[in-house]
A.B. asks: 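Dropping a structure here in structure tokens format, bear with me for questions.
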Amino acid sequence: MSILEKHITEPKIAYFSMEIGLRDDIPTYSGGLGVLAGDTIKSAADLILPFVAVTLISRKGYFRQEIDDKGHQIEHPVIWDPSKLLKCPPEKVSVTIEGRKVHIQSWVYFVESPRGKSIPVIYLDSNLPENSPDDRTLTDYLYGGDESYRIKQELILGIGGVRMLRKLGFEIKKYHMNEGHAAFLTLELLHEFKKDIESVWDEEHIWDIESVKDLCVFTTHTPVEAGHDKFSYELFKKVFRDYFPENILKKLAGQKNVNMTFLGFNLSNFVNGVAKKHGEVSQSMFPGYQINAITNGVHSYTWTCDSMKKIFDKYLPGWANEPEIFVRVGAIPDEELWGAHMEAKKGLIDYVNSLSDAAMDYETLTIGFARRATAYKRADLLFSDIKRLEQIGTGKIQIIYAGKAHPKDTVGKQLIEKIFSYREQFKGKIRIAFIQNYNMEIALKLVSGVDIWLNTPLRPLEASGTSGMKATHNGVMNFSVLDGWWIEGHIEGYTGWAIGPAPKEIEPDNNMNKIDADDLYNKLEKTIIPLYYNNRKSWIRVMENAIGKNAYYFNTHRMMRRYVTEAYIR
Ligand SMILES: *Cc1c(COP(=O)(O)O)cnc(C)c1O
């Protein structure tokens with residue numbers, strides 16, 4: 001009996017994503033996009049949705065981060081053995097790359113929900129002896145290699161993915177593209193729906209665009225033009241040969257380049273951004289398309305630490321599968337909520353002290369900042385005015401950082417070096433630690449063990465952000481620039497605190513760093529530090545609101561119900 005026998009009995013929603021982060025020992029993710037994909041699948045399983053996911057095997061992972069004492073990032077491949085956790089069905093498909101036949105196999109991992117539902121995740125793999133040595137490496141490195149490597153990976157994901165689903169016996173009723181990397185799947189679907197030349201007026205009409213659009217849903221994640229995947233037609237031609245006529249593709253994917261976002265937009269009947277603001281920003285970038293907004297979430301059970309789980313189970317039974325129950329967070333006695341928080345905080349502080357000479361303590365207000373190290377996230381904004389920070393923070397705060405920079409992101413790497421030099425500079429005044437190799441396990445320790453979660457992106461570049469949502473599930477409130485999801489989740493002094501002006505008050509101003517930093521210092525000094533040390537009861541109220549107002553809403557159960565009603569069933 002095939003391992004997928006019981007999974008091919010009903011039509012499915014097929015969710016395509018270049019990266020999927022389900023657990024750290026399947027290291028096929030780099031950051032937010034992948035973790036969101038993993039959380040999406042976990043919620044789909046809990047909600048018993050007919051779902052199947054498709055991605056690449058990424059045999060060398062993203063990378064393991066090592067940082068030397070100067071703060072230089074060193075990248076190591078993560079070699080992992082898929083056969084430990086995944087099953088390899090015998091079915092194979094092939095795609096044509098640069099005129100060569102490239103064979104593809106798949107690995108399947110089952111995401112099991114406690115409610116009994118199991119969702120297959122298909123990892124495509126070109127490492128087969130019948131392929132050339134180069135082709136065998138095409139599914140090795142997540143976001144590695146050059147343009148040509150990338151377009152081949154996307155060919156495998158989109159075209160190979162559709163073929164593999166067919167071969168394994170799946171019937172698909174919707175294709176959901178999580179970002180543009182998978183958009184070549186639309187071309188394969190156009191081929192499947194191709195009409196007989198005899199039945200149409202002219203050659204162009206053999207391509208049944210409407211039928212494909214009916215099947216496709218596209219989610220965009222990037223609010224900047226440069227962030228969208230684009231390939232030259234020259235490269236497309238070299239890799240795809242005569243797979244698809246260029247004159248038609250130009251109408252669908254753009255005249256200048258093969259723009260994967262345009263391709264997805266033009267062949268999807270439902271397109272969305274990942275927060276309300278991001279929907280609006282995308283709408284103004286792409287006039288002429290209707291862009292909806294479904295705000296991201298996180299998988300509540302995955303992103304709640306053990307000590308919080310314990311009190312949620314006690315006072316809010318059923319919360320994990322019905323996060324709306326967080327509305328009753330007030331049922332938890334203050335001492336128990338604080339106790340659960342302190343348990344998580346001690347765990348984190350012990351962990352940090354075991355890795356470094358930071359010598360942190362349990363009582364000091366602890367600030368967490370962890371995310372991709374890249375320019376727009378402004379990891380160094382907190383250090384804009386060293387004197388001021390020293391004045392405000394000495395003896396009052398300690399700070400924990402983590403985050404990887406993409407191997408080619410020089411500025412991101414410099415940010416890590418900067419944090420390391422500030423760590424030295426502040427020795428004896430403000431304790432600063434940097435935890436290496438940020439991954440999901442470290443993320444959970446951090447978002448649950450700090451007291452406040454800091455986020456300082458340059459507006460409007462944070463499409464949504466999700467780590468702050470994870471924090472709220474652990475009663476850790478956000479102190480963040482009003483961008484992405486926080487515009488929707490923020491009530492000043494009630495769920496957390498804003499940094500800088502509201503998005504509609506922003507004038508085009510290149511002084512944003514100073515404006516934001518000033519506000520950050522003011523609030524830290526006048527509001528947050530006094531509240532933490534002098535008014536624990538009010539502090540705990542804000543923690544409670546983070547759970548009851550933010551975690552209540554910013555979870556993937558709510559998000560998936562919206563995808564079902566607004567995008568999948570239409
Ligand atoms: C949640 C998560 C992210 C995304 O965090 P953002 O705040 O959205 O940037 C990145 N990396 C890891 C390991 C995560 O768990």
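Order of listing sets the numbers, starting from 1, for every ligand and every atom in it. Computed from a predicted structure; not experimentally measured.
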A.B. asks: So is Lys445 actually on top of Tyr351's ring, under 6.0 Å and inside 45° of the axis?
C.D. replies: yes
A.B. asks: Which residue and atom name correspond to the protein heavy atom nearest atom 9 (O) of ligand 1, and how close is it?
C.D. replies: Lys377 NZ, 2.9 Å
A.B. asks: Which atoms of ligand 1 are found less than 4.0 Å from any heavy atom of Gly465?
C.D. replies: 8 (O)
A.B. asks: Salt bridge or not for Glu462 and Arg378, using N-O below 4.0 Å?
C.D. replies: no
A.B. asks: List ligand 1 atoms under 4.0 Å from Ala443, heavy atoms only on the residue side.
C.D. replies: 15 (O)
A.B. asks: I'd like to check which ligand 1 atoms, numbered from 1 as shown, lie under 4.0 Å from a non-hydrogen atom of Gly31.
C.D. replies: 10 (C), 11 (N)
A.B. asks: Got a salt bridge between Arg150 and Asp229, using NZ or NE/NH1/NH2 to carboxylate O under 4.0 Å?
C.D. replies: yes
A.B. asks: Run Lys396 and Glu525 through salt bridge (charged side-chain N to carboxylate O under 4.0 Å, His left out) and show every step you take.
C.D. replies: CA-CA 10 Å; Lys396 303 260 177 58; Glu525 180 179 18; over 6 Å; no
A.B. asks: Which protein heavy atom lies closest to atom 5 (O) of ligand 1, and at what distance to 0.1 Å?
C.D. replies: Ser467 CB, 3.6 Å
A.B. asks: Near Gly32, which atoms of ligand 1 are under 4.0 Å from a heavy atom of that residue?
C.D. replies: 3 (C), 4 (C), 10 (C)
A.B. asks: Are any of the side-chain nitrogens in Arg372 or Asp409 under 4.0 Å away from the carboxylate oxygens of its partner?
C.D. replies: no
A.B. asks: By number and element, which atoms of ligand 1 are closer than 4.0 Å to a non-hydrogen atom of Asn439?
C.D. replies: 13 (C)
A.B. asks: Cation-pi check for Tyr438 against Arg371: NZ or CZ below 6.0 Å from the six-membered ring centre and within 45 degrees of the axis, yes or no?
C.D. replies: no
A.B. asks: Taking atom types as modelled, is there a side-chain donor on Thr304 or His473 under 3.5 Å from an acceptor on the other?
C.D. replies: no
A.B. asks: Nearest heavy atom to atom 11 (N) of ligand 1: which of Trp303, Tyr438, Phe369 does it belong to?
C.D. replies: Tyr438
A.B. asks: Which atoms of ligand 1 sit under 4.0 Å from any heavy atom of Met440?
C.D. replies: 13 (C)
A.B. asks: Considering only protein heavy atoms, which is closest to atom 8 (O) of ligand 1, and at what distance to one decimal place?
C.D. replies: Thr466 N, 2.8 Å
A.B. asks: Please report which non-hydrogen protein atom sits nearest to atom 15 (O) of ligand 1, along with the residue it belongs to and the distance in Å to one decimal place.
C.D. replies: Lys470 NZ, 2.6 Å
A.B. asks: Does Lys309 make a cation-pi contact with Tyr301, if we ask for NZ or CZ under 6.0 Å from the ring centre and within 45° of the axis?
C.D. replies: yes
